[in-house]
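Take a look at the structure set out below.
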2 protein chains.
Amino acid sequence: MPKFEFGGKEYNNPVELALDVIGGKYKMPILWRLKDKVWRYGELKKDLGKITHKMLTEQLRELESDGLIHRKVYPEIPPKVEYFITELGQKAIPAIETLRKFGHDFYVIKNAQPKIENKDD
Amino acid sequence: MPKFEFGGKEYNNPVELALDVIGGKYKMPILWRLKDKVWRYGELKKDLGKITHKMLTEQLRELESDGLIHRKVYPEIPPKVEYFITELGQKAIPAIETLRKFGHDFYVIKNAQPKIENKDD
DNA sequence: CTGCATCCTTGCCGATACTG
DNA sequence: CAGTATCGGCAAGGATGCAG
């Protein structure tokens with residue numbers, strides 16, 4: 001699949017598209033949390049730690065418009081909004097899983113080596 | 001593994017680290033090509049198409065310093081440089097594979113749906 | 001509680017020119 | 001053929017304030 005178009009944008013391979021859809025700093029962490037539980041906006045905000053209000057809203061909107069998550073609004077005062085992962089969103093989980101594994105392995109390997117050259121000091 | 005440090009930078013999860021190491025626009029496409037073949041600089045440049053000279057060199061340097069690829073220089077005129085994937089680099093391949101699969105599935109699904117609401121016009 | 005708009009900073013990436 | 005350096009655009013990400 002060498003070069004194709006989607007959503008008015010050109011991609012050279014499926015990986016580029018995937019990174020557009022679930023890449024970035026927070027999309028995977030969000031999906032990861034939604035994968036087996038429903039979360040409210042405020043819960044996500046608190047649990048993701050450093051994320052700003054703006055970023056969270058932005059990322060949730062993109063995930064929603066790409067069909068990876070679903071948003072349910074309760075017409076109450078004060079407002080209550082819940083986020084669910086969709087079937088399509090579930091398809092992204094394995095990719096996140098293998099990325100996590102690689103990141104973990106990389107970290108472990110890189111931290112296991114530092115002490116091999118200390119014979120003379 | 002909630003929040004850790006690596007290479008003087010803070011990460012909230014392994015995914016962030018993974019994306020730093022093999023994310024970006026070209027690192028995965030490069031690794032993907034090196035996975036079962038040795039490539040020369042010029043070959044990569046030609047095959048990757050739109051990538052600029054600067055970007056290719058930059059990405060290759062980062063992959064090398066992270067230990068994912070190895071660089072072999074032949075002291076000849078004109079210069080000849082070959083790039084190999086390392087064992088550590090091989091560990092990134094499954095992650096790229098699942099991302100490719102997701103990107104592909106996403107594309108197929110999104111392009112299969114557009115015609116479901118045409119019963120009345 | 002949740003959402004939207006604005007402004008600003010940062011860093012990725014591209015274009016171009018020069019070297020051995 | 002391969003590498004290095006500089007300049008600058010542009011989009012992602014962050015801070016803050018106002019609104020329903």
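Sequence lines set the chain letters: A, B, ... in the order given, protein chains first and strands last, and positions in each chain run from 1. Being a predicted model, the structure only gives us computed values, none of them experimental.
- Phosphate proximity of C:dC4 to A:R61: present, with a side-chain N or O under 4.0 Å from OP1 or OP2.
- Inter-residue side-chain proximity for B:H53 and B:Y41 is flagged as met; some heavy-atom pair is nearer than 4.5 Å.
- Side-chain nitrogen and oxygen atoms of B:R40 include none within less than 4.0 Å of the OP1 or OP2 phosphate oxygen of D:dC1.
- Connectivity analysis of hydrophobic side chains (ILVMFWY, heavy atoms under 4.5 Å, direct or indirect) links B:F84 to B:V38.
- The nearest whole Å value for the distance from the CZ atom in A:R71 to the C1' atom in C:dC1 is 12 Å.
- Under the 4.5 Å side-chain criterion, counting only non-hydrogen atoms from C-beta, B:R61 is in contact with B:E64.
- Using a 4.0 Å heavy-atom cutoff across all strands shown, A:Y74 reaches no nucleic acid atom at all.
- Between A:F6 and B:F106, the ring center distance clears the sub-6.0 Å criterion.
- Looking only at side-chain heavy atoms (C-beta outward), A:I93 and A:W32 come within less than 4.5 Å of each other.
- One atom, CG of A:L19, and another, C1' of C:dC13, lie 15 Å apart when rounded to the nearest Å.
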Letter by letter from the 5' end, nucleotides 13-20 of chain D scores (B base, S sugar-phosphate only, - none; protein heavy atoms under 4.0 Å) BBB-B--B
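- The CG atom of A:L48 lies 11.5 Å from the CD atom of A:E43; values are rounded to the nearest 0.5 Å.
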